[in-house]
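First comes the structure, then the notes that go with it.
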Amino acid sequence: MQKKYSWYSLLKAGLSGQDWDQAIPLIQPKSKYDVIIIGGGGHGLATAYYLAKECGINNVAVVEKGYIGGGNTGRNTTIIRSNYLRDEASSLYEHALKLWEGISEDLNFNVMFSQRGVYNLGHSLQNMRDIERRVNANVLNGVDAVVVDANEIKQQIPIINTSKNARYPIMGASYQSRGGVARHDGIAWGFARAASMLGVDIIQDCEVIDIEVEEGRVKGVKTTKGEIMADRIGCVSAGHSSVLAKMAGLRLPIESHPLQAFVSEAMKPVLHTVVMSNAVHGYISQSDKGDLVIGAGIDGYNSYAQRGSTKIVEHAAAAILELFPIFSRVRMNRQWGGIVDVCPDACPIISPTNVEGLYFNCGWGTGGFKATPGSGHVFAHTIAQDKQHPLAEPFHIDRFKTGALIDEHGAAGVAH
Amino acid sequence: MLLIHCPYCKESRDQSEFSPAGEAFIARPKSPEGISDEEWADYVFYRTNHKGNHWEQWVHSNGCRKYFLVERSTISHQILQVAPFGARNSETEL
């Protein structure tokens, strides 16, 4: 059905009128699977891929209510890094970053992963103390990180404003050279294509309307395309996790908020790296197409509307202009919002639940994109073995009962 | 952008004057020492996160600085009603 992509196939298709095979077949669901994954975003597709590739479970369906990668996977600012403070979090994100480094070859799909480095700026003495602490923690955990001062930043990024007269002068930064960006829908398509080549059914335009539970065991799901049975179900639906949990009679320690981003018109290369600042709260990179990709913060109220308030966008724009006055005349092209599932400790839940056979991978909040391959990998192992992958163990939902929270608020930078 | 009516100032003002303050009607357990870890976790961390009409708290932070209740749709953001604290204690009560 599908052929391997190579320079030869590219040349051949280029000369023969771009006659490509369909990457992912459009199919109807079967009545029964071994595992159903609810949510066809990056994390869900990655889960299905690793279930088929590493866990020997090929009879898997991914059900997606829209189209694959049309949710948060296609709505984020594509920043990838692993410089988190806490051991548990940095191990998980570093696992993901290592997978990113080989993912294009693994999936036979160019996800345009570009390790252009990530700067996290500090604007006060306390910021710098926090940055030094985090960099030291990163180095101890085997994550590459260095502290750089304002002069080095200016050398690397000539357009940044390091003047001492700035309202919030830049004093230094942490720098992770292995961090960077990737093509966000590329990773969804790549995982979807690779998973479907391994026999996974990817069913789009198929919304789950109920989860069937009998005597504490999950039985299957009711969808807009009929009933589908499975003994094991993984929910990877980001902003709608609480809605799915409610179908199974559960509650989650999660609230859904809008997170916004916007891009400018395309321009010539001007910013070769990723710059983030928690203190003024903005983050920016330039895409390969040439547009500036700028991320804002979340709105404080609950929402499922995929749009947020103007004042949040204004705030992010002000922060970016504080760092880069040169962008003051840049015109913005598009602006959008996604619904993020925020946990009280800003860390994900990768966990079995009180319903046997029902697993949740959620709560990634504002920073899930960078974890896509790692999240899918540990979640696949968690589902396949009915036992948490060692890296996922600290992210059990019971941590809210035991109090063993992994407090990453501010630690690794509120801005993701 | 929301236009919020403060039940104390009795004026509809721009959202930028207000701050959201979370889900409404979460009552502190009456006997904290007598409840289980699950019940504590539910009170402190677990939320309804309702998709649809949702009762929440807002504070008029750049105005009278008082907290009040708002029923708002989390799908359309439309505000259905506002009420001062004490006017009701649960979603079902009228």
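Just so you know, these numbers use all the heavy atoms, side chains as well, and skip hydrogens, waters and symmetry mates.
In A:K246, the NZ atom is not crowded: 12 or fewer heavy atoms of neighbouring residues, nucleotides or ligands sit closer than 6.0 Å. The 12-atom threshold is exceeded at CZ of B:F85, counting heavy atoms of other residues, nucleotides or ligands nearer than 6.0 Å.
Residue A:I397 touches chain B through both its backbone and its side chain, counting heavy-atom pairs closer than 4.5 Å. Residue contact with chain B, scored on non-hydrogen atoms closer than 4.5 Å, involves the backbone and the side chain of A:I254 alike.
Residues of residues 27-39 of chain B lying within less than 4.5 angstrom of chain A, judged on heavy atoms, are B:D37, B:E38 in numerical order. Taking 4.5 Å as the heavy-atom cut-off, the residues of residues 71-79 of chain B that approach chain A are B:R72, B:T74, B:I75, B:S76, B:H77, ordered by number. Within residues 8-20 of chain B, the residues approaching chain A closer than 4.5 Å by heavy atoms are, in numerical order, B:Q15, B:S16, B:F18, B:P20. Of all residues in residues 295-305 of chain A, those placing a non-hydrogen atom less than 4.5 angstrom from a non-hydrogen atom of chain B are A:D299, A:G300, A:Y301, A:N302, A:S303, A:Y304, A:A305.
Atom NZ of B:K51 and atom NE2 of A:H240 lie 3.0 Å apart (nearest 0.5 Å). For the atom pair CD of A:E255 and CD of B:E23, the computed distance is 6.5 Å after rounding to the nearest 0.5 Å.
Closest non-hydrogen pair, A:S242 versus B:T48, comes out as CB-O, 4.3 Å. Closest approach of A:F400 and B:A41 over heavy atoms only: O-CB, 3.3 Å.
A:R251 is not listed as a side-chain neighbour of B:R47, based on a closest heavy-atom distance of 4.5 Å or more. Using a 4.5 Å cut-off on side-chain heavy atoms (C-beta onward), A:L252 and B:F45 make no contact.
Most heavy-atom pairs under 4.5 Å with chain A, from the set B:L2, B:V44, B:N49: that is B:N49. Put simply, of A:S309, A:S241, A:G308, the one with the most heavy-atom pairs under 4.5 Å next to chain B is A:S309.
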